[in-house]
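As structure tokens, the structure follows; a few thoughts come after it.
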Amino acid sequence: MARAFAKISFTPNVQAVQTERGSRSAYRAAELGDAETVALSEFEQAFIAERDSFYLATVSQTGWPYVQHRGGPTGFLKVLDEQTIGYADFSGNRQYLSVGNLRGDDRVSLLLMDYPGRQRLKIWGRARVVNERDAPDLLTRLELPDFRAPVERGIVIRVEAYDWNCPKYITPRYSQREVEALLVQARQQQPVADTTHVPAAPGNGPLPLSVSGIRQLTPSIRAYELRHADGAPLPAFRAGAHLRVPIALPDGTLTNRAYSLTDGANDPDCYRIAVLRLDDGDGGSCAVHAGWQLGTRINVEVPENYFPLHDDGRPALLIAGGIGITPIKAMAETLAARGTEFQLHYSGRTPQQMAFVNDLQRQFSERCRFYFSQAQIPTRLDIPGLLGKASTDTVIYVCGPTRLIESVRQAARRLGIADERVQFESFI
């Protein structure tokens, strides 16, 4: 909600400092355009529902801000509708500073943190106090039946603006529950096999690559950066391409797996892939997670592409399920760089299990929608609805589980969409 955020935040004094520091022209664009309807998307709603704490700022009669930490069980801050959130206010130290401030000024600001995921959501709104006498039904919606802390009142907030912050200076921190989950995951990892009889650089391809970066995207998905082992430029590729890599399995044998290149072709010195660890798979992904380290070398063939993006100016509808986001992300970045119209719809279980959610939200917030089947507030793709709204020249790309692909293809056939307009690639 860039314009609503700018209207509240970019006061004349803020604008003056932006001018002095040379950032005014970049931020001025956020203030332009028509008035917007502020509404929390499925992405924000799911993020809010997963929080177990937040920071709340109110304004006192003296003009001083007061910041208070509020905590409770996961989901105690509830989304009542796309423009309203609220929470049950539990009994505390009985200073009543925030509640007292609301009697004179209903403006509030919230800061919601996801430290492991390095995300923060800022919300501005107007708050009102509700109690059992005046609004019993509303208070019931805010209460948590399994939480025994006494509820004194409810706070209902009408959202007027929100904004996502850059993750650059967020230090990752983990709760006891999150640490315990990571320990369980670590114990379940297969030990690294003795591969002394496997060549240091497996594979027979002409392109020598070295792992130059590793990023944990989710508890089960890692991103890997691969650069030429000798520092040379890499062969070019197009969005939708994949790289077939050699993998040493625990028993010492070699196999090959194809992984989509996840970025638009804008870095001639780096290939990036993302690998989902499948604990019940055939061992290839587990071997990558367990064996690939910084400096690991492999020899590969040049990238291949059986899922190419169209070259003309037709709009695109991008649909991804789970790890199928990998080629779709590259397509979105390529289309954005071209200035081609597109929409991206990405479905998964929860935000925490979906790769690149934060990156896509920051890059394409107006062109992405996210769906979470196992979140506290589940949302699901309406495939016939999406395809029915697409223009007659839109090219449709879908990547993910077989059932998702078949749903898209069947819906397209029912709507009379030609098969050549539906491009797909299957991921398990």
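For this chain, numbers begin at 1 and follow the sequence in order. Please read these numbers as outputs of a predicted model, since none were measured by experiment.
In terms of heavy-atom proximity, Ala411 sits nearest to Ile383 at CB-CG2, 3.9 Å. What you find for Glu333 and Thr262 is that their closest heavy atoms are OE1-O, 4.4 Å.
Between the side chains of Thr350 and Gln353, at least one donor-acceptor pair of N or O atoms lies under 3.5 Å. Counted by atom type alone, Arg367 and Gln343 present zero donor-acceptor pairs between their side chains at under 3.5 Å. For the residue pair Gln293 / Thr296, no side-chain donor-acceptor distance below 3.5 Å is found, with atom types taken as modelled. Side-chain N/O atoms of Gln68 and Gln95 include no donor and acceptor closer than 3.5 Å.
Put simply, the side chain of Leu360 reaches to within 4.5 Å of the side chain of Lys329, judged on heavy atoms.
Listed by chain and number, the residues in a side chain to side chain donor-acceptor pair (under 3.5 Å) with Arg141 amount to none (sequence neighbours excluded). Every residue meeting the side chain to side chain contact (heavy atoms under 4.5 Å, CB included) condition with Asp105, not counting sequence neighbours, appears here in chain and number order: Val59, Arg107. Taking the side chain to side chain donor-acceptor pair (under 3.5 Å) definition, one finds that Arg314 meets it with Asp312, sequence neighbours left out. Glu406 pairs by the side chain to side chain contact (heavy atoms under 4.5 Å, CB included) definition with Thr402, Arg409, Gln410, not counting sequence neighbours. Take Ala16 and apply the side chain to side chain contact (heavy atoms under 4.5 Å, CB included) test, not counting sequence neighbours, and it matches no residue. Under the side chain to side chain contact (heavy atoms under 4.5 Å, CB included) criterion, Pro315 pairs with Glu341, Ser391, Asp393, Thr394, not counting sequence neighbours. Arg227 pairs by the side chain to side chain donor-acceptor pair (under 3.5 Å) definition with Ser212, not counting sequence neighbours. Under the ring-ring contact (aromatic ring centres under 6.0 Å, His included) criterion, Phe370 pairs with Phe43, sequence neighbours left out.
The CG atom of Leu226 sits 5.0 Å away from the CD1 atom of Ile273 when rounded to the nearest 0.5 Å. Atom-to-atom distance recorded for Leu110:CG and Leu77:CG is 6.5 Å, nearest 0.5 angstrom.
Among pairs with a residue in residues 373-383, none fulfils salt bridge (charged side-chain N to carboxylate O under 4.0 Å, His left out), at least two apart in sequence or across chains. Sorted by first then second residue, the ring pair (Phe, Tyr, Trp, His ring centres under 6.0 Å) pairs that include residues 96-136, not counting sequence neighbours, are Phe5-Trp124. Under the salt bridge (charged side-chain N to carboxylate O under 4.0 Å, His left out) criterion, the residue pairs touching residues 67-89 are Arg70-Asp89, Asp89-Arg153, with sequence neighbours excluded.
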| query | For Arg421 and Asp419, what are the C-alpha separation, side-chain angles and deciding distance, and is it a salt bridge (charged side-chain N to carboxylate O under 4.0 Å, His left out)? | reply | CA-CA 5 Å; Arg421 284 179 51 207; Asp419 287 346; over 6 Å; no

| Taking it one step at a time, do Arg173 and Thr171 satisfy side-chain contact (heavy atoms from CB on, under 4.5 Å)? | CA-CA 6 Å; Arg173 293 183 173 90; Thr171 302; 4.0 Å; yes

| task | Just do the side-chain contact (heavy atoms from CB on, under 4.5 Å) check on Leu40 and Ile85 with the steps written out, would you? | result | CA-CA 10 Å; Leu40 299 167; Ile85 59 177; 3.8 Å; yes

| request: For Ile328 and Tyr346, run side-chain contact (heavy atoms from CB on, under 4.5 Å): C-alpha distance rounded to whole Å, both residues' side-chain angles, the deciding distance at 0.1 Å, then the answer. | output: CA-CA 9 Å; Ile328 296 296; Tyr346 181 15; over 6 Å; no

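Within a 6.0 Å sphere centred on CZ of Phe424, heavy atoms belonging to other residues, nucleotides or ligands number 12 at most. More than 12 heavy atoms of other residues, nucleotides or ligands shown are found within 6.0 angstrom of CD on Gln374. Counted within 6.0 Å of CD on Glu132, heavy atoms from surrounding residues, nucleotides or ligands total 12 or fewer; the atom is thus considered open. Enclosure of atom CZ in Arg349 is not indicated, since only 12 or fewer non-hydrogen atoms of other residues, nucleotides or ligands lie within 6.0 angstrom.
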Please tabulate, one pair per line, all N/O donor-acceptor pairs under 3.5 Å involving side-chain atoms of residues 47-54, not counting sequence neighbours.
residue : atom : partner : partner atom : Å
Arg51   : NE   : Phe47   : O            : 2.9
Arg51   : NH1  : Met113  : O            : 3.3

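In summary, of the residues considered (Phe307, Tyr306, Tyr259), a ring pair (Phe, Tyr, Trp, His ring centres under 6.0 Å) with His242 occurs for Tyr306 alone.
Taking the six-membered ring where the residue is Trp, Tyr397 and His310 present parallel rings, their angle staying beneath 30° rather than reaching 60°.
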